[in-house]
> 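Could you have a look at this structure, given as structure tokens, before my questions?
Numbers restart at 1 for each chain; the letters A, B, ... are given by sequence-line order, proteins then strands.
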Number of protein chains: 2
Amino acid sequence: MSTTQGARARARIEVTAAIKDEARRQLAAEGASKLSLRAVARELGMVSSALYRYFPSRDELLTALIIDAYDSVGEAAEVAHAEVADAGPLRRWIAVCEAVRGWALAHPHEYALIYGSPVPGYVAPETTVPPAARVALLLIGIARDAHRSGALTEPPLPADLHPEAERMVADFAGDLPPAVAVALVAAWAELYGLVSFELFGQFRQVVEEREVFFRHAVRRLALGVGLVDA
Amino acid sequence: MSTTQGARARARIEVTAAIKDEARRQLAAEGASKLSLRAVARELGMVSSALYRYFPSRDELLTALIIDAYDSVGEAAEVAHAEVADAGPLRRWIAVCEAVRGWALAHPHEYALIYGSPVPGYVAPETTVPPAARVALLLIGIARDAHRSGALTEPPLPADLHPEAERMVADFAGDLPPAVAVALVAAWAELYGLVSFELFGQFRQVVEEREVFFRHAVRRLALGVGLVDA
DNA sequence: CCAATGCAAGAGCGCTGCTCTCTTTTTTGT
DNA sequence: ACAAAAAAGAGAGCAGCGCTCTTGCATTGG
């Protein structure tokens with residue numbers, strides 16, 4: 001039934017994809033704020049108003065690109081992780097972090113779109129949540145495996161964070177120790193601090209050997225979570 | 001001579017300030033991308049073209065706001081630090097970090113302007129460097145004081161980062177141990193990762209008790225730099 | 001076969017940053 | 001003191017933007 005459900009439906013899918021492709025091209029070339037519906041339409045040989053049959057607004061188009069970007073960085077991290085799936089937790093952690101950094105350097109504007117300042121007044125719809133969680137799930141998985149195999153030393157946790165930590169465990173950290181859940185969330189945010197500072201130019205004239213610096217920094221993040229040196 | 005160097009010069013200073021004030025108002029209200037020269041001029045009762053006598057372009061106006069924002073967060077951090085100047089390094093570190101977070105929560109759009117995605121194609125001019133360094137200098141100063149008083153344990157530093165670390169020390173870290181300089185830079189970036197994730201909504205449904213979580217996280221950052229528990 | 005639907009096109013609204021020209025006002029040099 | 005020069009404001013205008021509305025055409029399903 002879905003094989004050939006009319007030339008119209010097929011054309012719609014193709015045009016939608018073409019719009020996203022061209023929009024992604026412009027995004028990569030000039031950045032989100034220069035992404036123009038009219039320019040996309042022009043490049044595709046259609047008139048601007050026709051584009052509204054596919055995306056009800058510029059924000060909706062951006063949302064589609066955001067989801068794709070989350071999926072793209074998530075997949076890059078998953079692929080890099082799969083390549084060292086048999087290695088120790090520390091090695092896997094570093095592989096995921098370096099994959100995120102590599103993807104960010106290769107797709108700076110898409111990175112800025114998802115981890116930079118949110119478009120003003122724009123609230124990400126629920127649809128973006130699952131793809132956004134892919135990298136985080138990888139990191140959680142690494143910690144969980146380490147925990148199961150005994151290669152995890154619990155970091156300290158102050159008393160006033162116990163309730164919060166328990167909630168995190170119940171919500172998404174599964175069978176991880178609460179202190180590890182808290183440390184993971186912090187390390188996750190700190191990882192993006194490192195990537196963002198490099199990408200947004202804050203390391204200019206401060207860090208030169210960015211590759212080795214990053215590797216060292218994320219290694220220390222892993223140690224902070226409790227992953228032991230393998 | 002500079003007391004009354006003509007009504008014209010004084011008027012120019014006042015008008016320039018009024019433009020920046022109104023622009024900051026709009027920035028705080030709607031965000032950088034909605035800041036409009038025409039709207040600023042309208043609000044000030046002038047015509048849009050007149051504004052170009054004071055700022056040659058929208059980007060230049062934004063740059064002025066960026067510098068002010070760096071100074072604003074820098075001063076907030078310095079004030080908070082001065083209030084606990086006699087305390088131990090850890091306490092001072094936490095005070096600075098919490099001041100940054102507090103400022104960011106109070107001025108989200110200005111924070112996004114300086115630490116979010118850079119305006120596409122926009123490269124910050126050299127003028128922005130000194131104000132941007134104020135917070136970093138505070139953190140360096142805390143580490144230096146701790147080092148002098150012996151309250152600093154050197155973190156580990158892999159061999160391949162030694163040259164980079166030496167360069168950092170020569171460039172801006174003064175008499176700090178190289179390993180501390182590297183750890184400081186990383187902690188600095190990680191601090192902004194924590195603040196950005198909270199501000200840009202990545203902690204939604206993940207971290208609820210953001211205040212205590214943040215305090216704990218930056219405390220661990222300080223420990224990672226080598227500041228010892230006082 | 002024909003009515004209903006989907007889609008593209010075009011015109012148009014109000015907004016934007018920015019430039020150019022023209023007039024008025026203030027400062028400066030002789 | 002007065003003319004030349006510099007600075008500032010006003011207004012029109014250009015090209016671009018997101019978005020809406022109406023109109024004609026093609027495809028589709030009953």
> Could you give the NZ-to-P distance, from B:K34 to C:dT16, as a whole number of Å?
12 Å

> In whole angstroms, how far is the P atom of D:dG9 from the CZ atom of B:R42?
18 Å

> Given that A:S36 and B:G45 both sit by DNA chain D, which one's nearest nucleotide is further toward the 5' end?
B:G45

> In whole angstrom, give the distance that lies between atom CZ of A:R12 and atom C1' of C:dG6.
8 Å

> Quick check for you: to the nearest 0.5 Å, what is the distance between B:T128 atom OG1 and B:I67 atom CD1?
6.5 Å

> How many whole angstroms separate atom CZ of B:R58 from atom P of C:dT16?
11 Å

> Please pick, from D:dG9, D:dC17, C:dG17, the nucleotide with the shortest atom-to-atom distance to any side-chain atom of B:Y52.
C:dG17

> Take the protein atom CG of B:L51 and the nucleotide atom P of D:dA7, then report the distance between them rounded to whole Å.
18 Å

> What's the closest nucleotide to the side chain of A:A50 if the choices are D:dC19, D:dG9, C:dA8?
C:dA8

> Which one, D:dG9, C:dG10, D:dT20, comes nearest to the side chain of A:V47?
C:dG10

> Could you pull out the protein-nucleic contacts involving nucleotides 12-15 of chain D (nitrogen or oxygen on both sides, under 3.5 Å)?
from   : atom 1 : to    : atom 2 : distance (Å)
D:dG13 : O6     : B:R38 : NH2    : 3.4

> Nearest whole angstrom, please: distance from the C1' of D:dC19 to the CZ of A:F55.
16 Å

> Between atom CZ of A:R220 and atom CG of B:L221, what is the distance when rounded to the nearest 0.5 Å?
10.5 Å

> What's the closest nucleotide to the side chain of B:R8 if the choices are C:dT26, D:dC19, C:dC18?
C:dT26

> Looking for any heavy atom pair under 4.0 Å, which part of the strands does A:L44 touch: base, sugar-phosphate only, or nothing?
nothing

> Find the distance A:R10:CZ to C:dG6:P and express it as a whole number of Å.
18 Å

> Side-chain donor-acceptor pairs under 3.5 Å in residues 36-43 of chain B, sequence neighbours left out?
from  : atom 1 : to    : atom 2 : distance (Å)
B:S36 : OG     : B:R38 : N      : 3.2
B:S36 : OG     : B:A39 : N      : 2.9

> Name the closest nucleotide to the A:Y54 side chain, picking from C:dC7, D:dA8, D:dC19.
C:dC7

> Does A:V84 have any side chain to side chain contact (heavy atoms under 4.5 Å, CB included) partners at least two apart in sequence or in another chain, and if so, which?
A:A87, A:R91, A:R92, A:A95

> Does any pair with a residue in residues 125-135 of chain B pass salt bridge (Lys or Arg N to Asp or Glu O under 4.0 Å), and if so which ones, sequence neighbours excluded?
B:D71-B:R134, B:E78-B:R134

> Under the side chain to side chain donor-acceptor pair (under 3.5 Å) definition, can you give me all pairs with a residue in residues 189-200 of chain B, not counting sequence neighbours?
B:R101-B:E198, B:Y111-B:S196, B:Y115-B:Y192

> May I have the distance from A:I13 (atom CD1) to C:dC7 (atom P), rounded to whole angstrom?
11 Å

> Looking at residues at least two apart in the chain, or sitting in another chain, which of them share a side-chain hydrogen bond (donor to acceptor under 3.5 Å, both in side chains) with B:R210?
none

> Please determine whether any donor N or O and acceptor N or O are separated by less than 3.5 Å between the side chain of B:R53 and the base of D:dA7.
no

